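These notes are about the structure you will find just below.
What you are looking at is a predicted structure, and each value in this text was computed from that prediction instead of being measured.
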Amino acid sequence: MRTYIIKSLFKHPFTFSITIRSKTTSAQYVASRARDATFEKLMDKYKNFVKVIAIQDLILSNPNKTPPCISLDFLSKLSQKLHLNRGAPSFLRKYPHIFHIFYDPAKSQAFCRLTDTALEISRKEEEVVNASLPLVVDRLVRLLFMSTSKSLPLRAVFKVWRELGLPDDFEDSVIVKNPNLFRLCDGNEPHTHVLKLVGEFPGNHFTAAVENWRVTEYCREDCSVDRMDMRYSFKHVYPPGMRLSKTFRAKVKEWQSLPYLGPYEDLMDKKKKTKAGLKGLEKRAVAIVHEFLSLTVEKMVEVEKISHFRNCFGIDMNIRDLFLDHPGMFYLSTKGKRHTVFLREAYERGRLIDPNPVYDVRRKLLDLVFLGRHDMLISKSRSVEIDKSEESGSENENVD
């Protein structure tokens with residue numbers, strides 16, 4: 001019977017042990033996980049950041065108006081779908097550094113546009129995404145190569161286009177412009193398409209992110225992993241305050257030394273006859289989702305989105321439980337009515353350890369979400385001072 005990590009008595013909320021999960025429901029298992037205050041604080045703002053992005057996309061999808069804008073009446077109709085619990089106007093006013101509400105007397109209605117700062121961030125993101133197209137192509141090739149059939153449903157790729165740093169017109173700018181790598185084919189269902197990898201790559205062409213970590217870790221003098229077990233090890237960083245029992249440590253050490261096929265190796269034998277075979281398939285699944293998260297711009301993704309790739313990657317187990325089974329590698333948050341998983345090793349104090357240009361730009365918008373209404377009085381006073389200085393300057397010019 002499969003084993004799971006279950007929280008012990010409520011008197012000791014951070015003490016964990018390995019027990020048999022016989023009657024524990026999936027919801028109870030999620031609730032039993034060790035909480036990480038840093039990730040929870042980040043997600044507390046990120047849940048609103050997702051809504052900000054959705055509204056921003058709606059505004060920018062209206063290119064006929066200069067600057068792009070959207071009516072509050074139309075946005076209010078989408079309040080429930082966008083989870084704007086207190087209505088669109090109330091949500092927009094929470095972020096005056098991002099949204100500007102104005103009244104159009106000609107149309108007798110209120111509109112919303114992006115502030116100059118937010119608009120500049122959006123333009124900068126588009127610029128850095130286009131500048132990183134070679135990396136984007138490589139990410140998409142790697143994703144297809146991990147699939148057992150070297151193909152993926154296009155709708156699944158659409159689910160994670162932003163996470164992979166793809167341009168919003170990636171069908172034309174990436175797929176069509178690289179016919180030597182990609183081909184779009186009709187799917188089994190009407191109006192569906194499958195993206196296929198047509199390029200030829202040797203078996204050792206791709207190196208997984210965890211393999212790069214092993215090389216770096218092996219060369220360190222203060223290596224935290226036994227060099228004898230390094231061949232199959234993954235980096236583990238546990239939540240602060242989580243005490244690990246001897247039994248748990250032993251189980252992790254045993255799992256670390258377990259052989260498995262890497263994410264870019266072909267799965268020849270899909271039969272799961274032995275216990276060792278089952279464990280090997282589970283570790284391969286961990287390797288695949290670890291690599292998937294490593295390919296994303298922000299080293300995070302919604303569990304629902306990555307679940308669309310489960311069958312394509314040959315993963316027969318529950319993706320969410322897979323993340324919960326390995327709290328040293330992944331952190332699962334349930335903020336914002338969605339389950340989001342982070343690659344724990346990629347973060348430190350709520351930020352990426354090794355950021356990239358796309359992440360840096362997106363972080364600027366997230367910082368504006370963190371800022372909320374703060375500094376608005378300072379901004380207004382500065383604008384008033386500028387106006388007064390301009391007025392005095394024009395008066396001096398008139399006097400001269």
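The distance from atom CD1 of Ile319 to atom CZ of Phe309, rounded to the nearest 0.5 Å, is 11.0 Å. Here the OG-CG distance, from Ser173 to Leu166, works out to 8.0 Å after rounding to the nearest 0.5 Å. Between the CG atom in Leu143 and the CG atom in Leu152 there is a gap of 5.5 Å [rounded to 0.5 Å]. Within the model, atoms CZ of Arg284 and CD1 of Ile315 stand 8.5 Å from one another, a figure rounded to the nearest 0.5 Å. Distance OG/Ser132 to CG/Asp138: 11.5 Å, rounded to 0.5 Å. Atom-to-atom distance recorded for Leu92:CG and Ile101:CD1 is 5.0 Å, nearest 0.5 angstrom.
For the pair Val137 and Phe182, the minimum side-chain heavy-atom distance is below 4.5 Å. In this structure, Leu140 and Asn178 have side chains that are not in contact, with every pair of non-hydrogen atoms separated by 4.5 Å or more. Considering only heavy atoms from C-beta on, Phe206 comes within 4.5 Å of Val141 through its side chain. In this structure, Asp168 and Trp161 have side chains that are in contact, with non-hydrogen atoms separated by less than 4.5 Å. The shortest side-chain heavy-atom distance between His83 and Phe91 does not fall under the 4.5 Å cut-off. At least one side-chain heavy atom of Val297 sits under 4.5 Å from a side-chain heavy atom of Arg362. Contact of the Glu282 side chain with the His326 side chain is registered, since non-hydrogen atoms from C-beta on lie closer than 4.5 Å. A heavy-atom distance below 4.5 Å is found between the side chains of Val301 and Val341.
Contact record, Thr192 with Arg155: CG2-NH1, 3.8 Å, taken as the closest heavy-atom pair. Of all heavy-atom pairs spanning Gln56 and Ser122, the tightest one is OE1-CB, 4.2 Å. In terms of heavy atoms, Lys196 sits closest to Cys185 at CD-SG, 3.8 Å. Closest of all the heavy-atom pairs between Pro89 and Leu72 is CG-CD2, 4.0 Å. Shown here for Val136 and Gly165, the closest heavy-atom pair between the two residues is CG2-O, 3.3 Å. Of all heavy-atom pairs between Gly372 and Pro96, the closest is O-CD, 3.5 Å.
The environment of Asn180 atom CG is dense: over 12 non-hydrogen atoms of other residues, nucleotides or ligands sit within 6.0 angstrom. The environment of Glu126 atom CD is sparse: at most 12 non-hydrogen atoms of other residues, nucleotides or ligands sit within 6.0 angstrom. No more than 12 heavy-atom neighbours from other residues, nucleotides or ligands sit within 6.0 angstrom of NZ on Lys124.
Salt bridge status for Arg214 with Glu217: absent, with no side-chain N to carboxylate O gap under 4.0 Å. Salt bridge status for Arg162 with Asp57: present, with a side-chain N to carboxylate O gap under 4.0 Å. With respect to Asp367 and Arg351, a salt bridge is recorded, a charged nitrogen being found less than 4.0 Å from a carboxylate O.
Panel note: side chain Arg113, backbone Pro68; no donor-acceptor pair is recorded below 3.5 Å. At least one donor-acceptor pair under 3.5 Å links the side chain of Thr115 to the backbone N or O of His97. The backbone N or O of Ala209 lies less than 3.5 Å from no partner atom in the side chain of Ser294, so there is not a single donor-acceptor pair. Of the possible polar contacts, none joining the Arg139 side chain to the Thr296 backbone as a donor-acceptor pair under 3.5 Å is found. Formation of a donor-acceptor pair under 3.5 Å by the Arg142 side chain with backbone atoms of Thr207 is found in this model. In this structure, Asn62 contributes its side chain and Cys69 its backbone to a donor-acceptor pair below 3.5 Å. One N or O on the side chain of Ser61 and one on the backbone of Leu58 form a donor-acceptor pair closer than 3.5 Å. Looking only at distances, no side-chain donor or acceptor of Asp44 sits under 3.5 Å from a matching main-chain atom of Glu40. The closest donor-acceptor contact from the side chain of Ser245 to the backbone of Phe248 lies under 3.5 Å.
Taking the ring centre of Phe145 as origin, the terminal cationic atom of Lys150 falls inside the region bounded by 6.0 Å and 45° from the ring axis. With a 6.0 Å cutoff to the six-membered ring centre and a 45° limit on the axis angle, Arg344 does not count as a cation-pi contact of Tyr238.
A donor-acceptor contact under 3.5 angstrom links the side chains of Ser149 and Ser151, judged on distance only. Side-chain polar atoms of Glu291 and Tyr264 form a donor-acceptor pair below 3.5 angstrom. At a cut-off of 3.5 Å, with distance as the only test, a side-chain donor of Glu345 or His290 sits close to an acceptor on the other residue. Glu298 and Tyr347 form no side-chain donor-acceptor contact under 3.5 Å, judged by distance and modelled atom types alone. Looking at Tyr260 and Glu265, their side chains never bring a donor and an acceptor atom within 3.5 Å of each other.
No path of Ile, Leu, Val, Met, Phe, Trp and Tyr side chains, each step under 4.5 Å between heavy atoms, connects Leu181 with Val176, placing them in separate hydrophobic clusters. A single hydrophobic cluster is not seen to contain both Val210 and Val237; linkage of ILVMFWY side chains at heavy-atom distances under 4.5 Å, directly or through other members, places them apart. Taken together through direct or relayed side-chain contacts under 4.5 Å among Ile, Leu, Val, Met, Phe, Trp and Tyr, Phe201 and Leu135 form parts of separate hydrophobic clusters. One hydrophobic cluster, built from ILVMFWY side chains closer than 4.5 Å, holds both Leu154 and Leu144. By the rule that hydrophobic residues join a cluster once side-chain heavy atoms approach within less than 4.5 Å of another member, Val157 and Val194 end up as members of separate clusters.
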Let me see the working for Phe170 and Phe158 under ring-ring contact (aromatic ring centres under 6.0 Å, His included), right down to the final yes or no.
CA-CA 9 Å; Phe170 73 89; Phe158 265 113; 5.0 Å; yes
Apply side chain to side chain contact (heavy atoms under 4.5 Å, CB included) to the pair Leu343 and Met300, showing each step before the final yes or no.
CA-CA 6 Å; Leu343 185 60; Met300 59 175 285; over 6 Å; no
For Leu295 and Met146, run side chain to side chain contact (heavy atoms under 4.5 Å, CB included): C-alpha distance rounded to whole Å, both residues' side-chain angles, the deciding distance at 0.1 Å, then the answer.
CA-CA 12 Å; Leu295 293 175; Met146 284 196 292; 4.1 Å; yes
Check step by step if side chain to side chain contact (heavy atoms under 4.5 Å, CB included) holds for Glu302 and His339.
CA-CA 6 Å; Glu302 288 180 37; His339 289 185; over 6 Å; no
Start with the C-alpha gap between Asn356 and Tyr359, add the side-chain angles, then the distance that decides, and say whether side chain to side chain contact (heavy atoms under 4.5 Å, CB included) holds.
CA-CA 5 Å; Asn356 54 77; Tyr359 169 83; 3.4 Å; yes
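In the hydrophobic clustering, where aliphatic and aromatic side chains (Ile, Leu, Val, Met, Phe, Trp, Tyr) are joined below 4.5 Å either directly or transitively, Phe102 groups with Phe111.
The aromatic rings of Phe313 and Phe292 sit perpendicular, their planes meeting at an angle over 60°, well past the 30° parallel limit.
Ring-centre distance between Phe330 and Phe342: not below the 6.0 Å cut-off. Remark: aromatic rings of Phe234 and Trp255 are close, center separation under 6.0 Å.
Checked against side chain to side chain contact (heavy atoms under 4.5 Å, CB included), Leu258 has the following partners two or more places apart in sequence or in another chain: Lys279, Lys283.
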